Structure formats: C-alpha cells, structure tokens
Amino acid sequence: MNVLVIGMGYVGTTLSLVLAKSGHQVTGLDLDLQKVSALNQGNIYFHEPGLQELLDELTSTDRLSFTTDVQKSIHDNDVVFICVGTPSNEDGSANLQYIKSAATMIGENINDYKVVIIKSTVPVGTNETFESWIQEANTTEFKVDVVSNPEFLREGNALYDSLNPDRVVIGSSSERATAIVKQLYYDVDCPILVTSRKGAELIKYTANAFLALKISFINEIAKLCDTIGVNIQDISNGIGTDHRIGSHFLNASLGYGGSCFPKDVSALLSTAAKYNVPLNIMKEVVAVNQIQPKYLLSQIKQQLGNLTNKKMALLGLSFKPHTDDIRESPALRMIDLLAKEQAIIHVHDPVVKLSSNKINQFNTPEEAAENADAIVICTEWPQYKQLPWGEIKRKMNIPYIFDGRNMLDSKQLKQIGFRYRGIGYS
Ligand code: UGA
C-alpha cells in the first residue's frame, strides 16, 4: 500500500520505518525541514535503539522517503497516518493545533477517497471533529474515513513494541476503512480489537492512566515501607506474581515523567471535568507523582542536613533509559530542588547534553562523582549497574547513594562501604 505518515517525531518515524519494513511504500511528511533533511540523509535525529540500523537497511529498498511537500505527498497516498504532537495547554487539556492543521492540509489537497488514521493521542471526540475539519477545507466530492488507531509503544523500546504489539486497536465507523487498516497490520501477531472511534480514544488514555496509577500506587506503598522498614521490592515481587495484578510498572521511583503520562493523565482529567465526572483516583495519582522528587530530597536532607555547597552527583537526565528525551523528566525536578537548596550539582547522562547554569555536566559518572557528598540516581541507565563502585567510593567526600530508581545492588554497595537509600528500599 502507499502510505503517508504525517509528523516525524519518534512515533511517526518509527511507524514509517516499520511500515516500509513490512513492504509498504511509505512517505514521511513533516514541515520541519531539518528533521526531513536529517532523515533523507539517512540519520535518525533522536536516540532510539535499533532505528538507525533499520533506516540503513531500508535505504537500499526505495520504499521510504521523507518530504516537506504537502500537496504531492497527499496526492500520491490514499492512506494517511497522523502522528503529530498533542502537547498540553496551560489548563492541562490537549492542544490540538497540529491536529487541526493536518486536517486542513488533507482537506485542501484531497484528490481521491482517503483513509486517515489518527495515531496521535487525542481526547475523546477528536476523530469526529477531525473529520469535520477536513470537510470544512474540502471543496471536492471526495470522501474521507477517519479511523482511530492509538499507539502503545514506549520510548526507548519503540521498535520492539511496534514489531511486537500486545494489541492493535481500531476505532472506526466505516467497514471499508476498517478493512484497509487491518490490511496494514497483516503481519502482526496479536489481537486486533475493533471498537468505536470514541472507544479507541478512551482506551489509549485509560491505558496510560492505569499504568501511571500503578506507579503512584507502588510509590505510596514505598513510603510506608520506608517508615516500617520493609523492602518495597519484596512487596512488588510478592504482589506482581499474582497474574491479576501483574509484575510490570511496580518499580518504586522518584516518579514517572516523559511526554506521555503527565500530559495524558492531565488531558483525561480535563475530559472528565468537561463531562462533570470527577476522576478522584487520577487526581491523587498526579499528586503522588508530584511529591516523589520532594520525597527523595527529604530523604537526602534527613541524612546530609543542610545542602548548601554540598556536592551532589546526579546520574541520569532522561525520563527513562535508552532515550534522550528529557520532557517532564524527574531528573530536572531534582535539579531544581537541589539548586534551591544551593547544592553544587554535577550531572552525567550517557546521551543527554543539558545546557543549564544550575549544573556542571561531566563525560563520565566517575568524574561527576569525584569529591561528591552523595550520588543521586535519577535514570536507570543499565551501565550504572556496572560502574567501578569501589573506585568511585574512594574518590567521594561522603559515600552516600540515593537511588531514585532502586536499580543498584544495595547489599554489594553496603559491603563496599556505601551508605545506600532507595525509594522504600534501604
Ligand atoms: C508510555 C506507555 O508505557 C506506552 O504504552 C505509551 O504508548 C506511551 O506512554 C505513549 O503514550 O506514547 P513511555 O512514556 O515511553 O510510554 O515510557 P514508560 O516506559 O511507560 O515510562 C514512563 C515513566 O514511568 C518513566 O519516567 C519511567 O521511568 C516511569 N516508570 C515506569 C516508573 O517510575 N516505574 C515503573 O515501574 C515503570
């Protein structure tokens, strides 16, 4: 099939590559010339495992190209995926400006029947509105069917998740369009769930909200663990083995971040408020998450007292490992909190380069930790497990580790002589 993907962020780029790998003829459209040029030159301009190799592989196939040409790309393709961003407005609702301009672009350039598939995370009812926006701009007799097909991939695992989805959700009011979308997914081995467009939109928000809820839930229990001296990882293992609960997303942490959970939970709350349905649990999920960095700070202050001029080595800046994305990263909250305490902040991240006058960034964790009064782990980059901890300890001023991701082996570190504290885990 000839497929156009609009929006070359990490979702749109991954989708373009995966569809081309499956044999479709794919055009990636973005108005940002820099992104398009980078991709046309064969460069993935963000950090996401496996994508560069896949792009290299596809370069020889002629099945994939990237463009800024709106008219030609819409003319040449009858299936159009929408992968543009839906950032948060000030009030927490989803900002649909990019969605609306995509609809207008399609309406103004329609030259045949098109199936438009919305992958962007959009509030309930947006697929319907999107169709009316297309029609407002459409002066021809050609028809469009708009289908909701939410994306469930995780950053840092984008390629794996796209090739091995748990399910494909299709929200559609047209049998013709549903059949076309099913054909696109001919090679995936998972359930394909067909529902209404509103149903698909709400599935996406509910999935992210539930995962965020699991994290805030375990983070609350972790605080109880800290108080009564129980290890939260024993609790996570103890409940996670119950298949009704499941073991995923039960890692206590300094909170969830990223471009999805914070934004999507706010947007869900905003939708619920619009319909006068109070989602009380979700309000608490947000409140707990906002407290987490402060909670870690209070743990640090409990041990180190006044932090003025104390040297803190903060390891990890991205909101999760295997990505260079720092949107809503708890590490940035930690930096702000430590800066307010007038601590000296040294940071390291394997891929993120942060420009901020609050920090000094180092090329290695060892350098960041030199003469430090404490190490604060903010992102569970796997390489931090393998650091020469004995050597690092010898060069520190005070050997404290505050593990905001519960990723390190506390027993081993204590044997070396570190004082270790995790979240609900000491
Ligand atoms: C999330 C969802 O997991 C995807 O299914 C969804 O498609 C995506 O949002 C989206 O809507 O686009 P993502 O934000 O990339 O994916 O990353 P996650 O792996 O879900 O992690 C989100 C945050 O939760 C990270 O800060 C992570 O460190 C934190 N987390 C995760 C915890 O603190 N504890 C856990 O047990 C798991």
Side-chain angles (χ1 to χ4, degrees), residues 7 9-15 46-49 83-88 94 119-122 149-162 164-169 200-201 203-222 232-233 235-237 239-240 245-268 285-286 288-293 295-296 316-334 377-382 403-407 422-425:
Y10 73 93
V11 170
T13 306
T14 309
L15 177 68
F46 52 92
H47 183 91
E48 185 63 51
C83 299
V84 298
T86 52
S88 286
K119 270 227 169 274
S120 307
T121 301
V122 290
N149 173 221
E151 181 53 65
F152 298 103
L153 64 77
R154 295 161 296 168
E155 276 186 64
N157 293 77
L159 184 57
Y160 177 86
D161 287 354
S162 300
N164 305 280
D166 289 331
R167 77 297 208 189
V168 169
V169 173
E201 290 164 332
I203 286 171
K204 169 66 194 181
Y205 279 103
T206 309
N208 274 1
F210 189 76
L211 293 169
L213 177 145
K214 281 186 95 173
I215 299 167
S216 280
F217 175 80
I218 206 69
N219 280 339
E220 283 230 289
I221 299 293
I232 187 65
Q233 282 179 344
I235 306 297
S236 296
N237 294 340
I239 65 169
I245 297 173
S247 58
H248 298 286
F249 281 67
L250 290 179
N251 298 324
S253 69
L254 78 167
Y256 60 76
S259 64
C260 305
F261 288 172
K263 162 178 86 74
D264 293 348
V265 173
S266 296
L268 181 62
V285 166
V286 175
V288 170
N289 196 55
Q290 280 169 350
I291 287 168
Q292 285 313 104
Y295 180 71
L296 185 59
L317 292 169
S318 52
F319 82 98
K320 62 181 284 190
H322 310 296
T323 174
D324 54 1
D325 197 339
I326 54 169
R327 284 176 286 179
E328 302 282 335
S329 174
L332 303 188
R333 290 275 315 282
M334 252 359 265
I377 308 275
C378 290
T379 315
E380 69 273 38
W381 284 100
D403 185 352
R405 295 289 172 181
N406 290 354
M407 67 169 293
I423 304 275
Y425 182 43

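All ligand and atom numbering here is 1-based and tracks the order in the structure. Here the structure is a predicted model, which means the values were calculated and not measured.
- Within ligand 1, counting atoms from 1 as listed, the ones closer than 4.0 Å to a heavy atom of Phe261 are 1 (C), 2 (C), 3 (O), 9 (O), 20 (O), 22 (C), 24 (O).
- Put simply, the side chain of Lys204 gets close to the backbone of Glu151: a donor and an acceptor are under 3.5 Å apart.
- Here Ile215 has side-chain heavy atoms under 4.0 Å from ligand 1, and that is the only part of it that gets that close.
- Contacts between Asp264 and ligand 1 below 4.0 angstrom, taking non-hydrogen atoms only, involve the side chain exclusively.
- The shortest N/O to N/O separation between Phe319 and ligand 1 falls below 3.5 Å.
- Counting heavy atoms under 4.0 Å from ligand 1, residue Glu151 touches it through the backbone alone.
- Selection from Lys119, Glu155, Lys204 by nearest heavy atom to atom 11 (O) of ligand 1 gives Lys204.
- Here is the list of ligand 1 atoms found below 4.0 Å of a heavy atom in Phe152: 4 (C), 5 (O), 6 (C), 7 (O).
- In terms of polar-atom proximity, defined here as any N/O pair under 3.5 Å, Arg154 makes no such contact with ligand 1.
- Close contacts of ligand 1 with Ser253, meaning ligand atoms under 4.0 Å from a residue heavy atom, involve 32 (C), 33 (O).
- Considering backbone and side-chain atoms alike, Tyr256 places every N or O at 3.5 Å or more from each N or O of ligand 1.
- For atom 21 (O) of ligand 1, the closest non-hydrogen atom of the protein is Lys320 CD, 4.1 Å.
- In terms of N/O distances under 3.5 Å, ligand 1 is approached by Leu153.
- Arg327 places no side-chain N or O within 3.5 Å of a backbone atom of Gly258 that could act as its donor or acceptor partner.
- Of the heavy atoms in Ile218, none comes closer than 4.0 Å to ligand 1.
- Between Pro330 and ligand 1, no pair of N/O atoms sits closer than 3.5 Å.
- Considering CG of Asn208 and OH of Tyr256, their distance stands at 10.0 Å, rounded to 0.5 Å.
- Between Thr121 and ligand 1, no N or O atom pair is found at a separation short of 3.5 Å.
- On a distance-only criterion, Gly258 and ligand 1 share no N/O pair closer than 3.5 Å.
- With a 4.0 Å heavy-atom cut-off, ligand 1 is reached by no atom of Tyr205.
- Near Tyr10, meaning under 4.0 Å from one of its heavy atoms, ligand 1 places the atoms 12 (O).
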